[in-house]
Amino acid sequence: MQTSWKELCSAVQGCTRCPLSAGRKHTVIGEGDLHSPLMLVGEGPGEQEDLTGRPFVGAAGQLLDKMLAAIGLDRSRVYICNVVKCRPPQNRVPQPEEMEQCMDYLRQQFVLVRPKVILCLGSTPSKALIDPQIRITRQRGQWVLRRGVWFLPTYHPAALIYDSSKKRDSWEDLKKLRAKLDELSLYPDREGESGNAK
Ligand code: URA
């Protein structure tokens with residue numbers, strides 16, 4: 001039987017499946033349109049997300065908002081979540097066991113939201129959802145279709161803050177995302193809209 005949002009939220013909030021739970025202030029489940037055709041998946045909560053319980057609210061989140069605006073979208077029209085729901089210490093990359101324990105929650109989020117398109121923000125979600133061997137620098141911007149769902153790996157917004165030379169490629173990926181949303185008529189009221197993320 002399908003888990004409800006209420007059951008999922010209470011399971012995540014009480015979760016002690018991996019050691020990340022010991023260091024958290026808040027779990028960060030996700031937010032946005034619970035029936036969005038587009039899901040954005042990041043790596044895991046950082047400091048601001050841990051403090052607030054909301055995904056992508058720090059510096060990377062502010063850039064993500066601009067990236068969404070550049071393709072005519074905002075947070076209320078997408079669903080944003082992460083591979084792991086608790087902050088890894090010093091924002092390190094989550095370990096395979098931590099991701100494995102948390103994947104069950106992400107799978108339940110897929111079942112509940114039923115997105116048609118998934119944007120993988122950075123290496124961690126791209127490895128977890130597309131291919132464990134993926135090289136984000138080589139394979140970003142290449143669509144992968146799995147069981148009727150389109151996956152697009154791209155850079156994590158934090159990577160664009162550290163290395164602004166990646167912004168050009170990131171913008172190419174955003175345009176591909178916008179084109180796919182238009183092709184599939186997923187946001188008919190936004191068709192043809194775009195700006196510039198830089
Ligand atoms: N980075 C992520 O991957 N996720 C967040 O929620 C915030 C920063």
Side-chain angles (χ1 to χ4, degrees), residues 5 8-9 12-13 15 18-21 23-34 36 38-69 73-110 112-113 115 117-132 134-137 139-140 151-164 166-167 169-170 173-174 177 197:
W5 277 111
L8 176 61
C9 291
V12 172
Q13 279 157 4
C15 183
C18 88
L20 294 183
S21 59
R24 75 179 174 228
K25 293 196 171 57
H26 291 97
T27 54
V28 180
I29 300 170
E31 70 177 30
D33 176 0
L34 302 183
S36 173
L38 172 62
M39 186 185 259
L40 275 55
V41 185
E43 178 175 290
E47 186 181 20
Q48 291 307 311
E49 292 77 22
D50 180 54
L51 288 171
T52 57
R54 296 181 56 210
F56 282 97
V57 289
Q62 284 164 27
L63 181 53
L64 184 62
D65 287 343
K66 287 188 191 163
M67 291 159 69
L68 285 172
L73 292 175
D74 62 54
R75 279 175 183 256
S76 69
R77 312 230 34 210
V78 304
Y79 185 77
I80 308 179
C81 61
N82 284 301
V83 174
V84 295
K85 312 305 189 215
C86 297
R87 183 189 182 198
Q90 281 83 48
N91 301 340
R92 64 158 168 75
V93 175
Q95 290 175 355
E97 316 82 71
E98 295 159 354
M99 292 199 261
E100 210 173 292
Q101 293 299 329
C102 230
M103 267 312 277
D104 194 30
Y105 300 132
L106 188 54
R107 277 191 211 102
Q108 291 175 40
Q109 286 173 300
F110 292 149
L112 289 162
V113 178
V117 176
I118 296 178
L119 184 67
C120 297
L121 297 166
S123 181
T124 298
S126 301
K127 286 185 170 152
L129 302 177
I130 301 171
D131 173 1
I134 203 166
R135 299 288 302 271
I136 197 76
T137 44
Q139 284 158 270
R140 51 143 280 280
F151 292 80
L152 186 66
T154 191
Y155 290 126
H156 190 286
L160 309 180
I161 295 173
Y162 294 123
D163 179 359
S164 63
K166 290 192 164 81
K167 281 188 177 176
D169 284 343
S170 165
D173 297 349
L174 285 175
L177 173 62

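Just so you know, ligand 1 is whichever comes first in the structure, and atom 1 is the first atom listed for that ligand.
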For ligand 1, what is the set of protein residues having any non-hydrogen atom at a distance below 4.0 Å? Gly42, Glu43, Gly44, Glu49, Pro55, Phe56, Asn82, His156
Aromatic ring pairing Tyr79/Trp5, orientation class (parallel under 30°, perpendicular over 60°, tilted between): tilted
Results of side-chain hydrogen bond (donor to acceptor under 3.5 Å, both in side chains) for Ser36 - residues two or more places apart only: Tyr187
Of Asn82, Leu106, Leu121, the one forming a side chain to side chain contact (heavy atoms under 4.5 Å, CB included) with Val41 is Leu106
Residues Arg75 and Glu31 bridged, charged N to O under 4.0 Å: yes
Option passing side chain to side chain contact (heavy atoms under 4.5 Å, CB included) with Val12 (candidates Asp104, Val28, Ile29): Ile29
Quick check: are there more than 12 heavy atoms from other residues, nucleotides or ligands sitting under 6.0 Å from CD of Glu97? yes
